[in-house]
Protein chains: 2
Amino acid sequence: MYTIKEVSEDTGISSYTLRYYEREGILPYVKRDSSGNRLYDEESMEWLNFILALRSTGMPLAEIKHYVDLYQEGESTLNMRKQMMLKHKEKIEKNLSDTLKYLEQINYKLAIYDMQEKGLAKMLP
Amino acid sequence: MYTIKEVSEDTGISSYTLRYYEREGILPYVKRDSSGNRLYDEESMEWLNFILALRSTGMPLAEIKHYVDLYQEGESTLNMRKQMMLKHKEKIEKNLSDTLKYLEQINYKLAIYDMQEKGLAKMLP
DNA sequence: AATAATCTTTCAGTATACTCTAACCAAAAA
DNA sequence: TTTTTGGTTAGAGTATACTGAAAGATTATT
């Protein structure tokens with residue numbers, strides 16, 4: 001069981017943001033101690049890690065919330081959730097391939113900088 | 001020479017955004033016709049494509065603007081610009097590796113969905 | 001017992017990146 | 001010639017995702 005400060009420190013997510021996620025229904029299942037302070041158990045930590053994976057791969061919070069809502073409706077939404085994950089996976093893969101393309105473009109630019117340093121090319125963007 | 005509408009249509013960037021980028025000093029060198037309408041030539045198109053590569057790989061507009069400003073100061077900033085590109089390249093690579101890690105996590109989740117469909121696993125996030 | 005640390009809630013403020021409206025202008029089509 | 005189409009500017013509005021301040025409660029330390 002971790003306090004908000006501990007969770008914040010070892011995930012890099014600020015306490016503000018942790019409370020915000022909970023308030024928005026994005027991070028459910030956070031327990032409380034006798035005086036009302038948040039306590040994060042293994043289950044909330046698993047959720048948090050999963051949410052961070054979705055967020056970091058570009059899923060909007062509204063969509064993450066939708067996923068969490070479906071989860072809470074129970075097994076009947078299993079297929080919908082699976083479809084969401086498949087869609088998101090495709091989006092990530094598209095994004096990876098775009099990024100590789102852009103990275104090539106940036107490497108090309110760097111190659112030109114090397115040539116400019118040796119006086120072999122003119123000034124370009 | 002392309003009009004704003006043409007550029008918008010074949011880059012997918014709205015006219016609003018194209019004007020906004022210009023206003024913010026992010027997209028320079030846009031020409032005008034006799035009645036003041038924007039005309040995008042090869043040079044502005046090259047800039048635009050480069051800006052889109054930077055933006056799509058997560059560079060904030062403020063930093064793109066800084067790069068453009070340095071460019072306009074001339075050759076004396078060549079090394080600074082090269083350093084910026086190197087830093088950005090590293091950031092992209094870090095981001096790619098994080099994304100691959102997260103993608104694995106999502107693939108794992110999908111595998112669990114497949115097992116749940118066959119009744120081989122319980123409900124999980 | 002008082003002080004400090006850490007937590008709570010509510011609600012307002014901020015950063016970033018657009019996105020749209022209003023009022024106006026110019027050229028082409030009906 | 002009037003209407004449509006597509007452009008212009010300045011400036012306000014929106015979406016998303018936080019981020020912070022204020023006021024108060026609880027627990028630990030001096």
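Below, chain A is the first sequence line, B the second, and so on; all start at residue 1.
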With sequence neighbours excluded, residues passing side-chain contact (heavy atoms from CB on, under 4.5 Å) with A:S35: A:D33, A:N37

Does A:K65 have any salt bridge (charged side-chain N to carboxylate O under 4.0 Å, His left out) partners at least two apart in sequence or in another chain, and if so, which? A:D69

Would you mind listing every salt bridge (Lys or Arg N to Asp or Glu O under 4.0 Å) that reaches into residues 2-20 of chain A, with sequence neighbours excluded? none

Collect all protein-nucleotide pairs involving nucleotides 28-30 of chain C in which both atoms are nitrogen or oxygen and the distance is under 3.5 Å.
none

Does a side-chain N-to-carboxylate-O contact under 4.0 Å join B:D98 and B:K94? yes

Partners of B:R32 by salt bridge (charged side-chain N to carboxylate O under 4.0 Å, His left out), sequence neighbours excluded? B:E22

Connected hydrophobic set around B:Y16, excluding itself, where side chains approach under 4.5 Å: none

Round to the nearest Å and state the distance from B:D33 atom CG to C:dA27 atom C1'. 10 Å

Per-nucleotide protein contact string for nucleotides 7-21 of chain D, where B marks a base within reach and S marks sugar-phosphate only (heavy atoms under 4.0 Å, - for neither): SBB-------BBBB-

May I have the distance from B:K65 (atom NZ) to C:dA17 (atom P), rounded to whole angstrom? 13 Å

Does A:Y102 sit in a hydrophobic cluster with other residues, and if so which ones, taking ILVMFWY side chains as linked at heavy-atom separations under 4.5 Å, directly or through other members? none

Partners meeting side-chain hydrogen bond (donor to acceptor under 3.5 Å, both in side chains) with B:K31 (sequence neighbours left out): B:D41

